[in-house]
Amino acid sequence: MNLSPPPYRPKNSFTRWLDDRLPVIRLLHDVIGGGYLVPRNLNWLWNFGVLAGIALTIQIVTGLALAMHYVASSSEAFNSIEGIMRYVGFGWLIRYGHMAGASLFFAALYIHMFRGVYYGSYKAPREMIWLIGVLLFMLAMATAFLGYTLVWGQMSYWAAQVITGLFSVVPFVGEKIRIWILGGFSPNAATVNRFFVLHFTLPFVILAVVGLHVWALHRKGSGNPTGIEVQKPEEVVPMHPYYVVKDAVAVCVFLLIFCSLVFFYPNAFSDPDNYIPANPFSTPAHIKPEWYFWPFYAVLRSFTVNFMGIPAKVWGVLGMGLSVIVWGLLPWLDNSPVRSGRYRPLFRCFFLFFLADMLLLGFCGKQPAEEPWIRLGQWASLYYFAFFLVILPILPLFEKTKAVPFSIDEAENKRTDA
Amino acid sequence: MPSSEKSLPKDMDRRDFLNVAAVGLTGIGVCGAAVPFIAQMNPSKDVAEQEKTEVDISSVQPGQTVKVVWRGQPVFIRNLTEQEITEANAVAMSDLRDPETLEQRTKAGKNNWLVTMALCTHLGCIPQGGNAGEPKGEYGGYICSCHGSAFDTAGRIRRGPAPTNLTVPPYRFISPSVISIG
């Protein structure tokens, strides 16, 4: 179906003049304005891409402000942040905003990703959107880790030690790579400096990759909850004003939650140990990452014995790496011809169980490395990988899907009639 | 037609060859230029050449462990008790993930002095068991609370994700009561 969106028409002589020389308004019109046609049946889960974008903007703006006061040095970093909290005008607001923003960024990303899994958003012809999205997720993880170390509290220091330790599993040159990344034998002055530079740079890389994500999205158009492609002009509405206004409502709710966190629960997601300055000679009794890494941390800890001639440590790191990479393989793991989970009853059960499993994994990752959490984490990891690598590929072989309607119109009319 | 052109593959004329050569050389040049930018991230000289650490161990009582600093990293120096030595020697090699005897991990005639890096070989946390009052784990040596690795009285890995025994750094006794690490 080739829909012809309403073209951009400059309204006055200035915009006509500008459009001829640098068509930036036309670009906006085509990308997020009346020139982008979107299925009319999107539900609220389709708001989280924009919300992630808003969170990224909050992070960049608060981050730029923080960078004007932060001192990237192992002796000054911790104190400079306490200075931001106490002496810099509105420093407390900006820093708490940056902390809450990080959590909400990941919350939005996770909902956005689970939306994609449930509605099969990754399936042909939208694989590139999905792949770029997984890349964005990885970049966000790297940026969050780097930023967390900058505080140079106890958790920061030991996060830097443990996460760079992951590289030591590379055969032969692992330890060399670890030392190269750190610029020393353990996290030190050079580490803070380079991590600051990278933490400052990566968000702009993310911004550029978001551009690719949106570009790929516009090539094939937005999906929708039915998973049926648009066939008639009546099934779409222009992005502006319809979804721009709907997104604005979502942004209001989002900012409400953001402000509640900043003003009432600023340390809800932070670890008290990170308010102790970094001490290279004492590891906190219970180290754990920020909440958005807990599920992957649980996978890392689930490998406790050597098997198949490969040490437990290597399995753990491989397992954790695979637990992220496997998201990128989804378009090729799930071969069901039916796109949306709405018409796949069996998939829906496994998906809900997968959601619960993610929460359980996260819970295990939060707990100390003791029983029963290790054993529970192992079972949860097993289902995590089984869902991606076994259940999704073989499900289409015996799943009896519901009848998929012929068009978005038919599907939505049926829903409103019922 | 110059004879040199005849040696080129059929579908490749002189212009193609020049293109490939120019792009190829540019690639090599870029790789060369990248070397200093990658190398600058290695530890700088003042970090890399941190000297030896000398430690007076005369005041370390049997059963006591001290933590010292070498190259910015913590090192355990443990004075093993008779019982801990007996325990370590009683372990069958087949029970070990990284088989080593206490003898191999200490200096001859100084079997009671266990000198190891105080960094878990899994991901580099400092295991507990070095300070008085800390848990030593079920094997009586050290326990890493980060990811649950337990070490015995010879600092050997017994349980958990760590792949190898606690690393023994290069050191020597420069007198009966002073060791030099590094």
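Within every chain, numbering begins at 1; the chains are lettered A, B, ... in the order of the sequence lines, protein sequences first and strands thereafter. Bear in mind the structure is a predicted one, so any value in this text is a computation, not a measurement.
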For [X], is it the side chain, the backbone, both, or neither that has a heavy atom closer than 4.5 Å to a heavy atom of chain A?
X: B/Thr121; value: backbone
X: B/Arg159; value: neither
X: B/Ile38; value: both
X: B/Gln40; value: backbone
X: B/Gln128; value: side chain

Self-check item: Among the listed options A/Ser168, A/Ala285, A/Ala312, the residue most often paired with chain B at heavy-atom distances under 4.5 Å
Solution: A/Ala285

Quiz prompt | chain B interface, residue from A/Gly183, A/Ala190, A/Gly184, A/Gly165 that has the most non-hydrogen pairs under 4.5 Å | solution = A/Gly183

Is it the case that atom [atom1] in [X] sees more than 12 heavy atoms from other parts of the structure closer than 6.0 Å?
X: B/Glu138; atom1: CD; result: yes
X: B/Glu103; atom1: CD; result: no
X: A/Lys176; atom1: NZ; result: no
X: A/Lys366; atom1: NZ; result: no
X: A/Phe172; atom1: CZ; result: no

Practice problem: Would you mind checking which part of A/Trp158 comes under 4.5 Å of any heavy atom in chain B, side chain (CB onward), backbone (N, CA, C, O), both or neither? | Solution: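 The answer is the side chain of A/Trp158.
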
Self-check item: Contact origin within A/Phe185 toward chain B - heavy atom pairs under 4.5 Å
Solution: both

Quiz item: Closest heavy-atom contact between A/Gln161 and B/Leu119?
Solution: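 Distance-wise, the nearest heavy atoms are NE2-CD2, 3.6 Å.
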
Practice problem: Nearest 0.5 Å please: distance from the NE2 atom of B/His122 over to the OG1 atom of A/Thr304. | Solution: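 One finds 10.0 Å between NE2 of B/His122 and OG1 of A/Thr304.
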
Quiz prompt | Pairwise distance CG(A/Asn279) to CD1(B/Ile126) - rounded to 0.5 angstrom | solution = 7.0 Å

Quiz item: Under 3.5 Å, is there a donor-acceptor pair between the side chain of B/Gln73 and the main chain of A/Ser186?
Solution: no

Self-check item: Close side-chain approach of A/Ile163 and B/Leu123, heavy atoms under 4.5 Å
Solution: no

Practice problem: State, with a plain yes or no, whether a side-chain heavy atom of B/Cys146 is found less than 4.5 Å away from one of A/Thr283. | Solution: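 In short, these two side chains touch, coming nearer than 4.5 Å.
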
Quiz item: Between B/His147 and A/Tyr297, does the ring centre distance come in under 6.0 Å?
Solution: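 Ring centres of A/Tyr297 and B/His147 closer than 6.0 Å.
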
